[in-house]
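Each chain gets a letter, A, B and so on, in the order the sequences are listed, and its residues count up from 1.
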Amino acid sequence: MQPTLNGFHNIKRYIDKHRRMVVAKILPGEFYVTKENELVTTVLGSCISACIWDDIMGIGGMNHFMLPCQNKHSPDAGIDTSYACRYGDWAMEYLINEILKNGGSRSNLRVKIFGGGKILNAMTDIGNGNIQFAKEFLSKEQLSIVAEDIGGPWPRKVFFHPNSGKAQVKKLKSLHNDTIERREKEYMQNIEVEEKSSGDIELF
Amino acid sequence: MKKILAVDDSASMRQMVSFTLKKAGFDVTEAKDGNEALTIAKSNQFDAVISDVNMPGMDGITLIRELRGLPDYKFTPMLMLTTESGMDKKTEGKEAGATGWIVKPFNPEQLLAVMNKVIR
């Protein structure tokens, strides 16, 4: 296994014998960027993943996030800059910046988006909010979406190959347990907690 | 009204920083990379600069170094606002002449507190 790029040592990787590839598995809130011939995978419920890669350099990665706050566009609030409402911006910013830092160019970036299903029964349509956010963000950044598989009642398992930009999506039609839903709920609560610890500032 | 130059290659980041500062009464000018920022800084005087690090063209650390070389910006507060939290980059920024280092994500109150502290 090739070593990961700096900063991704904590991401769990395994060798997929069937695919004969190293696969990096990301959880809600994580992201992974690589230059190597390897795959990135994740399982999405209402969360969304952006797969972004430099089409010329073959470097790219995937994130996995949700927006815990859905009132970003209420007319009275103007632009809500609170941490929770801007959580998606940070998730996208970190992924894009890491690709650029490792040799990608903004003008070569291509994007595929997946997820945003309506699977959390007790909640409002968080998946749809996540989809709207991703589309608005990408259009603001003038990044074009070349493929998408979003919405609907299904969780999805996604495999992404940053070297080529190829992605494979498996819709999970029957849920044997509530792992995905439970994990997403925990993740959402963690975002609120993280807010208090955000922002590392140092004055020289 | 204090004038701030905000530099980031991401449109949504520029919007977020700009919105936060304008709401607090600052006059904000935006630039999308180091080259554009340097050109703007030469024809206007700013009371503070806040810049991203990783940008196409001229990066934020080079921008700070260039600005520090100009007589008009020798003592201007310059903050880096970045996804980079590593010591190496931070040290590089400090040596280039940055006043402070803010790791994203920021929350609006923190950003304003730091800005008000360095700008007076």
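B:Leu79 CG to A:Ile201 CD1: the interatomic distance, rounded to the nearest 0.5 Å, is 9.0 Å. Atom-to-atom distance recorded for B:Asn54:CG and A:Ile96:CD1 is 12.0 Å, nearest 0.5 angstrom. Atoms CZ and OG, on A:Arg86 and B:Ser12 in that order, are 7.0 Å from each other to the nearest 0.5 Å. Atom OG of B:Ser10 and atom CG of A:Asn97 lie 8.0 Å apart (nearest 0.5 Å). To the nearest 0.5 Å, atoms CG (A:Leu203) and NZ (B:Lys117) are separated by 5.5 Å.
Between chain A and the residues B:Met80, B:Glu84, B:Met55, the most heavy-atom pairs under 4.5 angstrom are made by B:Glu84. Between chain A and the residues B:Pro56, B:Ser85, B:Ala98, B:Gly86, the largest count of heavy-atom pairs under 4.5 Å involves B:Ala98.
Here the side chains of B:Gln15 and A:Lys140 are in contact, with some heavy-atom distance below 4.5 Å. Inter-residue side-chain proximity for A:Glu93 and B:Asp8 is flagged as met; some heavy-atom pair is nearer than 4.5 Å.
Of all heavy-atom pairs between A:Asp200 and B:Lys90, the closest is OD2-NZ, 3.9 Å. Shown here for A:Asp89 and B:Met16, the closest heavy-atom pair between the two residues is CB-CE, 3.7 Å.
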Side-chain donor-acceptor contacts of residues 19-31 of chain A below 3.5 Å, not counting sequence neighbours, with atom names and distances?
| unit_1 | atom_1 | unit_2 | atom_2 | d |
| --- | --- | --- | --- | --- |
| A:Arg19 | NH1 | A:Asp16 | OD2 | 3.1 |
| A:Arg19 | NH2 | A:Gln168 | OE1 | 2.9 |
| A:Glu30 | OE1 | A:Leu27 | N | 2.9 |

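Heavy atoms closer than 4.5 Å to chain A are found nowhere in B:Leu81, neither backbone nor side chain. Of the two parts of B:Val53, neither the backbone nor the side chain holds a non-hydrogen atom closer than 4.5 Å to a non-hydrogen atom of chain A. Neither the backbone nor the side chain of B:Asp59 has a heavy atom closer than 4.5 Å to any heavy atom of chain A.
For residues 98-113 of chain A, the interface with chain B (any heavy-atom pair closer than 4.5 Å) comprises A:Leu100, A:Lys101, A:Arg106, sorted by residue number.
Under the salt bridge (Lys or Arg N to Asp or Glu O under 4.0 Å) criterion, the residue pairs touching residues 28-51 of chain B are B:Arg14-B:Glu30, B:Lys32-B:Glu36, with sequence neighbours excluded. The ring-ring contact (aromatic ring centres under 6.0 Å, His included) contacts involving residues 40-75 of chain B comprise nothing, where partners must be two or more places apart or lie in separate chains.
Ring planes of A:Phe204 and B:Trp101: tilted class, angle from 30 to 60°.
For CG of B:Asp88, the number of neighbouring non-hydrogen atoms (other residues, nucleotides, ligands) closer than 6.0 Å is 12 at most. Within 6.0 Å of CG on B:Asn44 lie more than 12 heavy atoms contributed by other residues, nucleotides or ligands.
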